[in-house]
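Single-structure report; data block below.
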Amino acid sequence: MTKEETWGVAIDRARRFFREQPDVQEDNANTYRFGDCTVNLTELKPKGMGIWAAKRCRVRFDGGDADTEAIYHRFFIQFLSTGG
């Protein structure tokens, strides 16, 4: 299963989220593993909205259905209020 989305979240916040998960392993600053799911983060150019520039990142989840759904759900719940 693959899920790839752009989120209005600074990449540092996404990194911090994955690093704080006790069952997630960090391969490098932008790649994490949860079971058989690999998560890749990509920093995107901020999106301009008037005088504001919203930070964004692309999050890609690749792996088996159960592990992908589980870690995606955690991420989704954590950042739901920031807008995906």
Side-chain angles (χ1 to χ4, degrees):
M1 165 185 280
T2 298
K3 288 182 175 275
E4 184 172 341
E5 300 177 344
T6 298
W7 281 78
V9 172
I11 198 166
D12 290 339
R13 288 187 64 205
R15 287 176 183 143
R16 188 174 331 119
F17 166 80
F18 287 110
R19 287 176 180 154
E20 290 174 352
Q21 303 304 303
D23 49 0
V24 170
Q25 293 77 45
E26 181 176 3
D27 290 343
N28 62 57
N30 294 323
T31 305
Y32 302 86
R33 285 180 290 116
F34 172 78
D36 70 354
C37 179
T38 300
V39 181
N40 290 294
L41 305 176
T42 305
E43 188 169 20
L44 300 175
K45 181 179 174 181
K47 184 174 184 177
M49 297 180 296
I51 62 171
W52 300 99
K55 295 189 177 194
R56 303 178 308 143
C57 71
R58 178 169 295 121
V59 185
R60 181 180 172 103
F61 301 84
D62 286 302
D65 291 356
D67 287 342
T68 300
E69 283 292 341
I71 195 63
Y72 173 81
H73 182 74
R74 283 190 214 170
F75 184 84
F76 181 84
I77 295 300
Q78 176 68 32
F79 294 108
L80 177 62
S81 65
T82 62

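Quick note: residue numbers are just sequence positions, from 1.
- Between the Arg15 side chain and the Asn30 main chain, no donor and acceptor come within less than 3.5 Å of each other.
- Side-chain N/O atoms of Tyr32 and Gln21 include no donor and acceptor closer than 3.5 Å.
- The side-chain heavy atoms of Asp23 and Arg74, taken from C-beta on, include a pair separated by under 4.5 Å.
- The pair Lys55-Glu43 fails the salt-bridge criterion, with no side-chain N (NZ, NE, NH1 or NH2) lying under 4.0 Å from an Asp/Glu carboxylate O.
- Note that CZ of Arg58 is 11.0 Å distant from CD1 of Ile11, once rounded to the nearest 0.5 Å.
- Rounded to the nearest 0.5 Å, atoms CG (Asp62) and CE (Met1) are 11.0 Å apart.
- Interatomic distance, Lys3 NZ to Ile71 CD1, rounded to the nearest 0.5 Å: 13.0 Å.
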Between Phe34 and Tyr72, does the side chain to side chain contact (heavy atoms under 4.5 Å, CB included) criterion hold? Intermediate values first, please.
CA-CA 10 Å; Phe34 172 78; Tyr72 173 81; over 6 Å; no
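- Considering CD of Gln25 and OG1 of Thr31, their distance stands at 13.0 Å, rounded to 0.5 Å.
- For the pair Phe18 and Leu41, the minimum side-chain heavy-atom distance is below 4.5 Å.
- Here the straight-line distance linking atom CZ of Phe79 with atom CD of Glu5 works out to 13.0 Å at 0.5 Å rounding.
- Here the shortest heavy-atom pairing between Val9 and Ala14 reads CG1-N, 4.0 Å.
- With contacts defined as side-chain heavy-atom distances shorter than 4.5 Å, the pair Val59/Val39 qualifies.
- Of the inter-residue distances, the one linking Phe61 atom CZ with Thr38 atom OG1 reads 11.5 Å to the nearest 0.5 angstrom.
- Under the 3.5 Å distance criterion, the side-chain polar atoms of Asp36 are matched with a main-chain donor or acceptor of Gly64.
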